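Bear in mind that the values here come from a model prediction, so they are computed numbers and not experimental data. Residue numbering restarts at 1 for every chain, and letters A, B, ... go by the order of the sequence lines.
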Amino acid sequence: MHTFDMSIPAGRWVESESEARQWVEYFLKTHSLNNGLGLDSETSGLDLKRDQVIVWSIADVNNRICLPASLIPIFKEPILENPAINFDLTNAKFDAHMFANSGADISLAGEWRNTIVQSFLKNENNQGRHGLKECIVDHFGRTTPTFQEVFGKVPPKKIDKVTGLNLNPTVGDLIRRAFTPPVPPRREDYPDPQLWDAAVLMYNDALHKFQSAADYASLDAYNSHVLRLHFDELLTTIPIRSNYSQAKNLRDYFYQTEVPFTKLLWKLERRGVTVDRGHLLEQSGPMEKEMEEIQREFNRYTGRLMNLDSTENIRWFFFDHLKKTPVKMTKGGTTGIKKASTDFDTLDTWAGQGDEWATKLLRYRSIRKTHGTYVEGLQKWLDPYYRIHTSLNQTGAVTMRLSSSEPNLQNIPRPSEDRFKIREAFIHGPRMKLVVADYEQLEMRLMAHFSGDEKMIGAIRDGTDLHCLTVAEMYGIPYDDVMAAKKAEKAVNDGKRSQPLTEREIELLFYRQAAKATGFGIIYGIGGEHLAANLTQELKRLVTPQEGFDLIKKWFGVFPGVKAYIEEQKMLLWQNGYVETIVGRFRRFGALQGMAKKDAKQAERQAGNAIVQGTAADIAKNAMLLCEHDPELNALGYRLLLQIHDELLGECPEENVVKVKARVKYLMENPFGNDSFGTPLRLSVPLPASVGHGDTWATAK
DNA sequence: GGCGGCGGCACC
DNA sequence: AAACGGTGCCGCCGCC
């Protein structure tokens with residue numbers, strides 16, 4: 001058991017309306033002293049759309065109370081919907097969803113400070129230690145009882161065959177049971193003294209359990225509050241120096257950017273994206289037919305019932321049955337057992353050599369993926385209004401890129417790669433249009449800005465095609481020739497040119513592709529060997545490691561400023577142990593001096609990438625905040641729906657599309673707002689966004 | 001029947 | 001698979 005800590009106020013269970021009103025008075029009188037109240041809820045489950053608050057808790061440094069959901073209305077207007085009252089929570093969006101599900105229109109009007117985000121800003125490397133329990137241990141040295149210790153173990157589901165319902169108690173049942181105050185036994189009901197003694201024992205036990213439940217629930221609210229105060233102090237001591245942020249330290253940055261962003265993400269999750277289920281259903285049949293056909297062919301050929309989803313089965317087929325030789329081995333994971341791989345690279349190699357079975361399996365795999373993850377997978381997430389509500393994780397990536405889950409809407413196939421056009425299933429609400437806005441070459445432009453490379457900046461400002469220029473400079477070919485090849489390719493693709501590409505044009509396009517891949521690779525800190533392997537795959541043409549190294553060397557020769565910048569950042573990394581994004585956020589690595597050479601090299605690559613990727617995330621975040629809070633866009637009925645790293649998906653009434661597009665474009669291109677003189681604060685290169693609209697995500701132009 | 005490792009693969 | 005950064009999810013399979 002956990003020792004009782006005398007420095008922590010005891011949790012009180014509040015049950016009557018009059019008592020609740022007294023607490024409202026108290027918190028209204030004193031909230032300004034604490035600048036925020038800890039808030040937490042115990043809910044019927046984890047479903048963000050359906051589950052509700054059962055009991056909830058509110059706390060300041062001196063008091064913590066726990067109440068049933070039935071008392072929410074008493075707090076609703078004076079506290080919960082009071083814009084002057086801010087809330088300290090852990091995993092804030094979760095509780096906000098539960099409160100929203102629990103009343104007609106319960107919204108928490110003030111700030112939502114999420115201690116997970118604070119913990120992340122303090123040290124993004126503490127993976128798995130950002131939760132409330134972990135932080136309380138790490139920062140205060142206190143342990144907190146676990147859910148299981150207070151409420152008991154949730155038994156496995158026991159599904160009734162007739163009703164399909166779970167016959168065993170659910171999480172919600174355990175919580176409801178724990179928060180039902182026990183009724184004291186009445187003497188007259190127990191004439192037998194032995195029965196009376198037993199009843200008293202049972203009552204005392206139940207009372208103890210009940211009190212510990214109330215204590216536990218209100219402890220989380222209290223802990224969130226004191227942790228928020230603690231992180232405020234810690235983050236204040238971490239200064240940030242940036243011309244692109246008003247914040248002078250990480251605490252200010254948290255309040256200026258991350259706190260409003262939490263609420264923004266919650267709104268996006270709440271809105272959801274409309275999906276045309278019919279489109280998904282239409283794809284399903286043909287996909288299943290095609291997969292079954294391939295399955296039959298394999299069955300016929302082997303005389304066995306093949307499982308094409310099983311790598312063991314596929315290994316048997318290619319290596320034992322067809323006697324093929326492995327192309328490469330699998331990683332082996334933690335067990336270290338390496339097996340012959342059957343991945344895309346392998347199958348593609350064989351397919352290139354004319355192996356029809358490899359070709360068939362590749363086709364099966366691509367359909368299987370799309371069918372399982374998207375066509376069938378997405379339908380599980382539809383709400384009654386045909387909308388999908390993803391979870392947007394503010395601290396999902398070490399670079400503070402967003403991540404999306406349940407379902408992941410950031411990895412929907414691109415239409416150019418997808419025969420089944422899953423993105424066409426993403427549509428707008430009634431009388432609306434989808435508005436899709438993309439940053440163009442954001443990361444490469446950031447590289448130009450950071451490095452100050454004159455040639456790159458000049459080329460971007462002049463509107464030169466960067467990859468064509470790179471080829472021209474690398475090999476001493478006229479820029480216009482390379483550009484002409486690119487245009488010729490487009491003309492052929494658009495059906496505007498009948499004669500095929502000349503050999504020279506194809507050659508130049510190879511070069512351009514190689515230059516493009518090199519540029520991408522440099523942002524990731526690529527090595528020559530890996531670049532060569534990638535290009536061999538991509539171009540279906542042998543590129544030797546030596547050629548890979550030459551490409552990188554030549555690329556740096558064209559943009560020496562980029563080379564110098566990367567070297568400078570490496571030096572700073574060795575010196576400081578961290579790098580910074582444009583708004584002054586950190587990606588920490590610790591002392592590279594103490595690392596194995598291999599790890600230090602990896603840190604160098606990660607650091608170089610973190611600057612660019614993290615800054616792109618900063619920019620997208622700013623753009624989202626500007627769009628969401630822009631009075632003009634709000635008046636035009638624009639609703640931001642999704643972010644896919646450098647792309648914003650939104651919707652607006654049809655008649656406002658032109659105005660909305662112009663405004664979204666402007667805000668995205670000026671993500672840092674104005675400086676103190678009222679002129680837009682810009683980078684050394686423009687950050688153009690292309691904006692389109694349409695009826696589906698795939699067709700918005 | 002739930003969970004986690006693994007291979008594989010979708011996105012930026 | 002690799003000296004390429006960052007994610008999440010599917011189905012299989014073995015384990016408990």
Side-chain angles (χ1 to χ4, degrees), chain A residues 154-159 168 307-315 326-347 361-362 365-366 368-378 380-381 390-393 395-414 416-418 422-423 438-439 441-443 517-518 520-534 536-537 545 548-549 552 587 597-614 616-617 620 642-647:
Chain A
V154 186
K157 279 183 187 164
K158 200 164 104 190
I159 303 295
N168 271 338
N307 180 351
L308 301 185
D309 295 333
S310 160
T311 46
E312 281 308 324
N313 224 305
I314 294 304
R315 259 192 281 278
V327 174
K328 62 185 185 189
M329 304 302 279
T330 61
K331 247 193 199 331
T334 48
T335 59
I337 302 167
K338 296 178 195 297
K339 297 171 182 169
S341 174
T342 66
D343 70 355
F344 178 88
D345 275 16
T346 305
L347 297 175
L361 187 61
L362 278 175
R365 284 246 179 103
S366 89
R368 182 95 209 86
K369 174 84 181 181
T370 310
H371 185 262
T373 308
Y374 305 107
V375 173
E376 294 304 314
L378 285 178
K380 298 197 199 92
W381 298 98
T390 183
S391 288
L392 295 165
N393 190 346
T395 54
V398 281
T399 55
M400 282 198 107
R401 255 194 187 178
L402 277 186
S403 77
S404 158
S405 62
E406 296 183 310
N408 183 355
L409 295 186
Q410 287 182 322
N411 73 346
I412 305 300
R414 302 202 311 270
S416 56
E417 317 290 326
D418 172 22
I422 300 300
R423 283 196 189 193
D438 262 289
Y439 279 112
Q441 299 172 302
L442 181 54
E443 296 196 341
T518 309
F520 253 103
I522 279 165
I523 290 172
Y524 297 148
I526 201 172
E529 274 181 56
H530 199 148
L531 175 62
N534 276 358
T536 302
Q537 190 72 51
F549 284 113
I552 294 170
R587 174 80 180 93
K597 195 174 173 186
K598 195 176 133 214
D599 295 334
K601 284 276 175 199
Q602 190 182 358
E604 286 179 352
R605 286 197 306 278
Q606 289 174 332
N609 179 255
I611 301 169
V612 174
Q613 191 184 115
L642 265 186
Q643 180 241 56
I644 305 94
H645 309 305
D646 58 1
E647 176 178 359

- [ ] Identify whether the distance between the nearest side-chain nitrogen and carboxylate oxygen of A/E417 and A/K369 falls below 4.0 Å.
- [x] no
Open item on the list: According to salt bridge (charged side-chain N to carboxylate O under 4.0 Å, His left out), who are the partners of A/R368, at least two apart in sequence or on a separate chain?
Closed with: A/D309
Open item on the list: Suppose we screen for salt bridge (charged side-chain N to carboxylate O under 4.0 Å, His left out). Which residues come up paired with A/D599, at least two apart in sequence or across chains?
Closed with: none
Task: Distance below 4.0 Å between A/R605 side-chain N/O and C/dG5 OP1 or OP2 - done: yes
Task: Whole-angstrom distance between C/dA3 and B/dG7, as gauged at atom C1' - done: 22 Å
Open item on the list: Need to verify one output field. Residue with the more 5' nearest nucleotide on DNA chain C, A/E406 or A/K339?
Closed with: A/K339
Task: Under 4.0 Å protein heavy-atom contacts per nucleotide of nucleotides 11-16 of chain C, with B for base, S for backbone only and - for none - done: SSS---
Task: Donor-acceptor pair, side chain of A/R423 and main chain of A/I412, under 3.5 angstrom - done: yes
Atom pairs, protein N/O to nucleotides 9-12 of chain B N/O, distance under 3.5 Å:
{"unit_1": "B/dC9", "atom_1": "OP1", "unit_2": "A/R365", "atom_2": "NH1", "d": "3.2"}
{"unit_1": "B/dC9", "atom_1": "OP2", "unit_2": "A/F344", "atom_2": "N", "d": "3.0"}
{"unit_1": "B/dC9", "atom_1": "O2", "unit_2": "A/K369", "atom_2": "NZ", "d": "2.7"}
{"unit_1": "B/dA10", "atom_1": "N3", "unit_2": "A/N411", "atom_2": "ND2", "d": "3.0"}
{"unit_1": "B/dC11", "atom_1": "OP1", "unit_2": "A/R414", "atom_2": "N", "d": "2.7"}
{"unit_1": "B/dC12", "atom_1": "OP2", "unit_2": "A/R414", "atom_2": "NH1", "d": "2.8"}
{"unit_1": "B/dC12", "atom_1": "O3'", "unit_2": "A/D646", "atom_2": "OD1", "d": "2.8"}
{"unit_1": "B/dC12", "atom_1": "O3'", "unit_2": "A/D646", "atom_2": "OD2", "d": "3.2"}
{"unit_1": "B/dC12", "atom_1": "O2", "unit_2": "A/R401", "atom_2": "NH1", "d": "2.7"}
{"unit_1": "B/dC12", "atom_1": "O2", "unit_2": "A/R401", "atom_2": "NH2", "d": "2.9"}

Open item on the list: Among residues at least two apart in sequence or on other chains, which ones pass salt bridge (charged side-chain N to carboxylate O under 4.0 Å, His left out) with A/K338?
Closed with: none
Open item on the list: What's A/V327 touching, base or sugar-phosphate or nothing? Going by heavy atoms closer than 4.0 Å.
Closed with: nothing
- [ ] Could you tell me, to 10°, how much the axis swings from one end of the helix from B/dG1-C/dC16 to B/dC12-C/dG5 to the other, five pairs per end?
- [x] 10°
Task: A/I644 side chain near A/D646 side chain, heavy-atom distance below 4.5 Å - done: no
Task: d(CG, A/N393; C1', C/dC9) in whole Å - done: 15 Å
- [ ] Verify the neighbour count for atom CD of A/Q441: are there more than 12 heavy atoms of other residues, nucleotides or ligands below 6.0 Å?
- [x] yes
Open item on the list: Within the 4.0 Å heavy-atom criterion, would you say A/A533 contacts the bases, only the backbone, or no part of the nucleic acid?
Closed with: base
